[in-house]
Amino acid sequence: MEKYKQYKNLNSTDIEKNIQDKWAKEDTFAKSLQIREGNKPFIFFEGPPSANGKPGIHHVMARTIKDIFCRYKNLKGYYVTRKAGWDTHGLPVELGVEQALGITKEDIGSKISVEEYNKACRESVMQFKDLWDKLTVQMGYWVDLDSPYITFTNKYIESVWWLLGEIYNKGLLYKGYTIQPYSPAAGTGLSSHELNMPGCYKDVKDTTCVVQFKIASKQTTNNIILDKLNDKKDKTYFLAWTTTPWTLPSNTALAVGDKIDYCCVESFNPYTGKEMVCFVAKNLLNAHFKTEGENQDFEAYKKGDKVIPWRLLFECKGKELVGIDYEQLIPWVKPQRQEGDAFKVISGDYVTTQDGTGIVHIAPTFGADDARVAKLANIAPLHLVDKNGKNQPMVDKSGKFFVLDDLDKEYVDKHIDKEQYERFAGRFVKNAYDDTLTDKDNTLDVDLCVELKAQNKVFKIEKHTHNYPHCWRTDKPVLYYPLDSWFIKTTAVKDRLIELNKTINWKPQATGTGRFGNWLENLVDWNLSRSRYWGTPLPIWRTEDGKEEIFINSVEKLAKEIDKSIAAGFMSENPYKSNDYESFDLHRPYIDNVILVSESGKPMKRESDLIDVWFDSGAMPFAQRHYPFECTTEELKQKFFPADFIAEGVDQTRGWFFTLHTIATMVMDEVSYKNVVSNGLVLDKNGNKMSKRLGNAVSPFEMMDKYGADATRLYMISNSQPWDNLKFDPNGIDEIRRKFFGTLYNTYSFFALYANIDGFAYKEKDIEYSKRPEIDRWILSLLNTLIKDVDSDLNDYEPTRAARRVMDFVCEDLSNWYVRLCRRRFWKGEYSEDKISAYQTLYRCMEVIAQLGSVFAPFFMDELYCNLNAVSGRNKATSVHLTDFPTSNDNEIDKDLEARMDLAQRICSLVLSLRKRHNLKVRQPLAKIMIPCDATTKERIEKVKNLILSEVNVKDIEYLDLHNNVLSKTIKANFKTLGPKYGKIMKSLAAKIAAFTQDDITKLESEGKYALDVEGQQITLDLTDVEIATKDIEGWVVASEGKLTVALDVVITDDLKKEGIARELVNRIQNIRKDSNFEVTDNIVVKVEYDRDLQAAIEMYKGYICGETLTKELSLENNINSPTTKIDVIEGKELGIYIETIK
RNA sequence: AGUCUCGUAGCUCAGUUGGUUAGAGCACUACACUGAUAAUGUAGGGGUCGGCAGUUCAAGUCUGCCCGAGACUACCA
């Protein structure tokens, strides 16, 4: 017979290496797919990592989650394809290359050609692919690495173009002018990613001011508020606060909150002392007007007085102020009326009264929110017209007010007050942009404020510290600046996005409704444009005047259009005509060489933008199959879309999760994924973010080399819910290794040792369930419950709960109770039915554990399974990963049995604590224990009596009737039943019950009810209203827990003492056998130094002693010549002993 | 700054519809046990359940505010 594999010690990394080799040799992953081919697919999308960064420990986390559910569904019979993918475009790649080559973006096109630059990017994207592959193999992540999708391939790009084309065709792609972060010092726009680089947001101290916007004498609409002001109208102002006074010349509106309360206050300007009336939010009134000035004497006020008198004229809602016209604050430039109205109060949904005045100055050219609310209210931005006839904000791209020479002459004459404007033209809006200026020089902000002060237009000037973003490259402040960009009109499908999101099962739910849901509620259009080089080019060609354009959604169409262009004489050759996708390149600069011809025969050039890399990754459900070019819609929907399951870090909520959802909604009107698990971050053990800079980043390879992949995986899953942040502590992995894998390994080793001796190979028919002993049926009952629970947890995407269940079962139930209590059954006696039952039961438990655990710890569990199966040959599958998920057998679940065993465990625990307290070794047998209980409990205990007796080494159990008068009892109110009935008097009622005498308790018990009076209320208690427990038995040593009480007979009779000595002797002989490295089956001869007590014990228990220790000859001698060692079986005596094996 | 998540023993985490001694593991201390031994058992110390209010007969659990950590989103003037 083949033997169960036995180990010298547990070496996880060796086991894992062997299993890796086995999987590679037998192609187990592919096989696991083959056996499910044709079955219902379980569709999974792999979020593509960038291979130009090294994998970190958090990738092990995310991939473990993915692996668990894919393996689970595979075991459940689904066909689970898992195509790997690589994200290869975008900023991280470009930045990496720039760093490696020592260049900046400005050098592209001069120091290095776009062609060379992109070549360098292409080469660098797979820089760490080997490391990623190594991680994948070592951690046991099953994903198809042989045919991954790669975002830079022409086929992938073609699919992306096609998808974008669908959006374009629906009219949801447009070119717009929006406010974006822009670094004048670097001359480039910045992505949100760049803005979020560490250290970009810095506290800066800026000059801020509260400005007075005067109500216009001529109003375009009627307004009740104006009537209320009547003769004070010409000295009434709106107060608005700004941290960027340089944007004030570009002001074209003021925003108020509709529902915010505003005050109209009469007072004086603190600088000029002139009388004024102004509007300010009620909440902020006292920030601007001191309480002690309220209703002070106006006549007595002199300019410069510390306390400025003021009085409240009336209050109103923001909504009532909307529509009022005001005078332009700094009338240098007149807005172009055709772009909309200007200088009106509008409503702004984002206005708050946290600081400032509750009235917000709006400069649509320099604020994203400003631009949005202005557009909604049809308010014109303040534009200049440059020499090329293009609209420009007042600030040019180098960060200074436009100089007149750069502007259109006609426009200047018509719209600009040259005399006023010229004094400031050419001034940089931040000193940092001008190399000739320092912090000490006056800023434009300060000069503007000073001028406004002189004009009675400023109410307050102060320095204010706030958080402001800086360009990570130049370290200079960023400007929010209007730029041309292409947008996807996601706002047009907002409602549908929200609706479809409600059908997605988010784990945790809060991420879906909260973070993601809120994000959708506040959706803005998706800015697709990136002024970059390495990425998917935007496939739109336009004539110079922008009046004609074409969208290219396939290579075929591109080639056709180029042919037309050749005919028109704009191009000479067609590089995209081949069917060989390897023969051309859709990237820049090649694609930029393509000039197409418009309907009217004009040349069209490509819009120079690239598209956001997030569109690339969100397009993967389609692009990974080169849909629709190599995959039909029918095939896609049958096999590849939408995903049943995806999982990534929670940081992807607004990244990949969003782009997947949006693209699928816009193109397919369907969700992209049905279930999504978003896991939290992996922090270091102190809860700090891991970073290379701090040196606290953990290498996944180091962890797996040291502790093994299984332990690492199981640690990460079991330690905390995946969506909570994980404080990663290597000691935790070690704990899992010792506690769980060590215990399971011990259990297996124990089994293997005896099964090999007995030749158990699971060849016998299963012993009938009903014929198995109580303890076997107990562990089988738990096992079946475990299967059921783990199945339902995994089905609910609750990996942590499932993993903890498996671990608890192995450590507590299987090892610490079943095996410990059953040890004797395995090594004692003949190969009987009871023994076979024990082997079969333990075997089955381990087999099922291997299957359930295989999703978490794929290596160890496969080893375990194969070791078992190699001998039994019970299963055809050559790997646990090729088996079917176990099914639970409800007939084997016995809740009453589980309750009985629980009772047994508690009784044992109590007896052991009594032994401890009275210093009675477990090896010393005792006569009996006594348990007060009712008839049902007695019946239950009877069934597990033998287990208890042998576990605690006691001869008998006696039961004590509950009405016995040697018992003393305690009573406690049952709050759960009484609470709802007697709410208010609960406290005194509980106190009265607690004060019951033994007689009271007896009365209640015998009559079944008890009447009493609490605070004048008549109450009748019945037995369910109280909890009665036995606490003491007179004359016995007693321990109790909850309702259970156990008494122990501590009298050691002569016979018991002899037996105790016999057991001590057996124990010593066993120890010596082991220390001498005898085989378990060796027979021995034993000689012990004579002692009277020992002789008495041996006389009585010779058979027992010899039987236990395989002793063939046992003798007592006066003198042992060369004793093996000395033993102390009789207290206070050291006796020599000699043992040898019989050959 | 906003939104969301989290805060329970030295550490990592459980804690059911609110119900009365708040649990487990690790770590620590002591004592046992030892044909599973890189284990195991028993006992012990260790908690104002982040803070303050509120609802309730009853709050770790529900509500509000505050504090701390983290993520995301942000020049909210």
Side-chain angles (χ1 to χ4, degrees), chain A residues 9-10 179 181 192 195-196 201 208 210 240-244 247 254-255 348 350-352 354-363 366-370 466-469 477-480 508 510-511 513-515 518-519 522 649-651 653-654 680-681 683 685 687-689 718-721 723-727 729 731-732 735 737-739 742-743 745-751 753 800 804 808 811 815-816 819-820 823 826-827 908-909 912-913 915-917 919 921-923 972-980 982-987 989-990 1067 1070-1071 1073-1074 1078 1080 1108-1109:
Chain A
N9 53 28
L10 172 60
I179 313 301
S192 60
L195 230 47
N196 277 314
Y201 278 84
T208 69
V210 177
W241 183 53
T242 181
T243 56
T244 51
T247 60
L254 292 172
Y350 66 98
V351 176
T352 67
Q354 301 242 307
D355 45 24
T357 63
I359 302 173
V360 179
H361 140 65
I362 301 288
F366 298 112
D369 279 325
D370 301 34
H466 63 152
N467 213 238
Y468 198 83
V478 154
L479 215 55
Y480 282 75
T511 300
T513 53
R515 189 187 285 212
N518 289 343
W519 165 257
N522 299 313
V650 69
D651 50 322
T653 307
R654 279 135 182 192
L681 281 118
L683 308 170
K685 67 174 176 180
N688 299 311
K689 212 171 166 179
S718 66
N719 185 71
S720 60
Q721 299 272 39
W723 31 88
D724 287 336
N725 288 347
L726 172 67
K727 287 182 192 163
D729 185 354
N731 292 326
E735 192 182 318
R737 197 176 55 99
R738 282 198 331 262
K739 240 190 114 43
T743 305
Y745 159 81
N746 277 338
T747 305
Y748 169 77
S749 298
F750 173 83
F751 168 85
L753 176 65
T800 306
R804 285 178 181 169
D808 284 349
C811 294
S815 167
N816 194 28
V819 174
R820 197 155 58 81
R823 272 177 300 185
F826 290 92
W827 49 261
C908 288
S909 171
L912 290 172
S913 79
R915 276 182 171 275
K916 164 79 192 166
R917 208 183 308 154
N919 224 350
K921 291 180 172 189
V922 179
R923 244 185 259 114
K972 199 170 72 178
N974 181 353
F975 283 81
K976 221 166 181 170
T977 62
L978 290 173
Y982 305 110
K984 288 228 190 273
I985 54 165
M986 245 339 263
K987 267 198 182 122
L989 175 57
N1067 165 252
Q1070 301 288 35
N1071 285 350
R1073 286 183 64 109
K1074 198 172 174 199
F1078 293 174
V1080 176
E1108 289 295 306
T1109 57

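Protein chains get the first letters and strands the later ones, always in sequence-line order, with residue 1 at the start of each. Please read all numbers here as calculations on a predicted model, not as lab measurements.
Here A:Asn1067 lies in heavy-atom contact (under 4.0 Å) with sugar-phosphate atoms only. Using a 4.0 Å heavy-atom distance criterion, A:Gly680 is classed as making no nucleic acid contact. Across all strands, A:Ser749 comes closer than 4.0 Å to no nucleic acid atom at all (heavy-atom distances). At the heavy-atom level, A:Gln721 lies under 4.0 Å from the strands shown only through sugar-phosphate atoms. At the heavy-atom level, A:Asn1071 lies under 4.0 Å from the strands shown only through sugar-phosphate atoms.
For the C1' atoms, the distance from B:rG60 to B:rG23 is 12 Å, rounded to whole Å. Comparing the P positions of B:rG15 and B:rU61 gives a spacing of 15 Å, expressed to the nearest Å. Rounded to whole Å, the separation between the C1' atoms of B:rA59 and B:rG45 comes to 28 Å. Taking atom P on both nucleotides, B:rC66 is separated from B:rA1 by 11 Å, rounded to a whole Å. B:rA9 and B:rG50 are spaced 15 Å apart, taking the C1' atom of each and rounding to whole Å. The C1' atoms of B:rA43 and B:rU48 are separated by 27 Å, rounded to the nearest whole Å. B:rC76 sits 38 Å from B:rU8 when the C1' atoms are compared, rounded to a whole Å. Taking atom C1' on both nucleotides, B:rC13 is separated from B:rG47 by 15 Å, rounded to a whole Å.
Each of A:Thr243 and A:Thr747 has a nearest nucleotide on RNA chain B; the 5'-most of these lies closest to A:Thr747. Mapped onto RNA chain B by nearest heavy atom, A:Arg823 and A:Thr800 fall at different nucleotides, with A:Thr800 at the one closer to the 5' end.
Listed pair A:Ser720 / B:rU12 fails the phosphate criterion, with no side-chain N or O lying under 4.0 Å from OP1 or OP2.
Atom CG in A:Asn731 sits about 13 Å away from atom C1' in B:rG10, given to the nearest Å. Distance, A:Asp724 CG to B:rA69 P: 18 Å, rounded to whole Å. Summarising the geometry, the separation between CG on A:Asn719 and P on B:rC6 is reported as 16 Å, rounded to the nearest angstrom. Per the geometry, CH2 belonging to A:Trp723 stands 15 Å off C1' belonging to B:rC13, to the nearest Å. To the nearest angstrom, P of B:rA36 lies 18 Å from CG of A:Asn9. Atoms CZ (A:Phe750) and C1' (B:rA36) sit 6 Å apart, rounded to a whole Å. Going from atom CG of A:Leu726 over to atom C1' of B:rG70 covers 13 Å, rounded to whole Å. Per the geometry, CG belonging to A:Asn974 stands 19 Å off P belonging to B:rC57, to the nearest Å.
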Open item on the list: Quick one, A:Thr511 with A:Trp723, criterion side chain to side chain contact (heavy atoms under 4.5 Å, CB included). Give me CA distance, side-chain angles, the key distance, then yes/no.
Closed with: CA-CA 9 Å; A:Thr511 300; A:Trp723 31 88; 5.9 Å; no

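The OG1 atom of A:Thr743 sits 10.5 Å away from the CG atom of A:Leu10 when rounded to the nearest 0.5 Å. With rounding to the nearest 0.5 angstrom, the CG atom of A:Asn746 is 10.5 Å from the CZ atom of A:Phe750. Atom OG1 of residue A:Thr1109 and atom CG of residue A:Asn1071 lie 12.0 Å apart, to the nearest 0.5 angstrom.
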Task: Base-pair map of RNA chain B as dot-bracket, where | denotes pairing with a different strand and pairs are Watson-Crick or G-U under 3.5 Å - done: (((((((..((((.....[...)))).(((((.......))))).....(((((..]....))))))))))))....

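Nearest heavy atoms, A:Thr244 versus A:Thr247: O-OG1, 2.7 Å. Scanning all heavy atoms of the two residues, the minimum distance from A:Ile179 to A:Gly367 falls at CG1-O, 3.4 Å. Minimum interatomic distance between A:Asn9 and A:Tyr745 (heavy atoms only, all atoms of both residues): CA-OH, 3.3 Å.
A:Asn725 contributes no side-chain N or O that, together with a main-chain N or O of A:Gly680, makes up a donor-acceptor pair within less than 3.5 Å. With hydrogens and angles ignored, the 3.5 Å screen pairs no side-chain donor or acceptor of A:Arg737 with any backbone N or O of A:Gly732. Remark: the backbone N or O of A:Val478 is paired with a side-chain donor or acceptor of A:Tyr468 at under 3.5 angstrom.
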Task: Under 4.0 Å protein heavy-atom contact, by nucleotide of nucleotides 39-44 of chain B - B base, S sugar-phosphate only - done: SSSBS-

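Residue side chain A:Lys976 reaches the base of B:rU17 through a donor-acceptor N/O pair under 3.5 Å, judged by distance alone.
Between A:His361 and the choices A:Thr243, A:Thr242, A:Val210, the side chain to side chain contact (heavy atoms under 4.5 Å, CB included) rule is met once, by A:Thr242.
Among the nucleotides B:rA36, B:rC13, B:rG19, the one closest to the side chain of A:Met986 is B:rG19.
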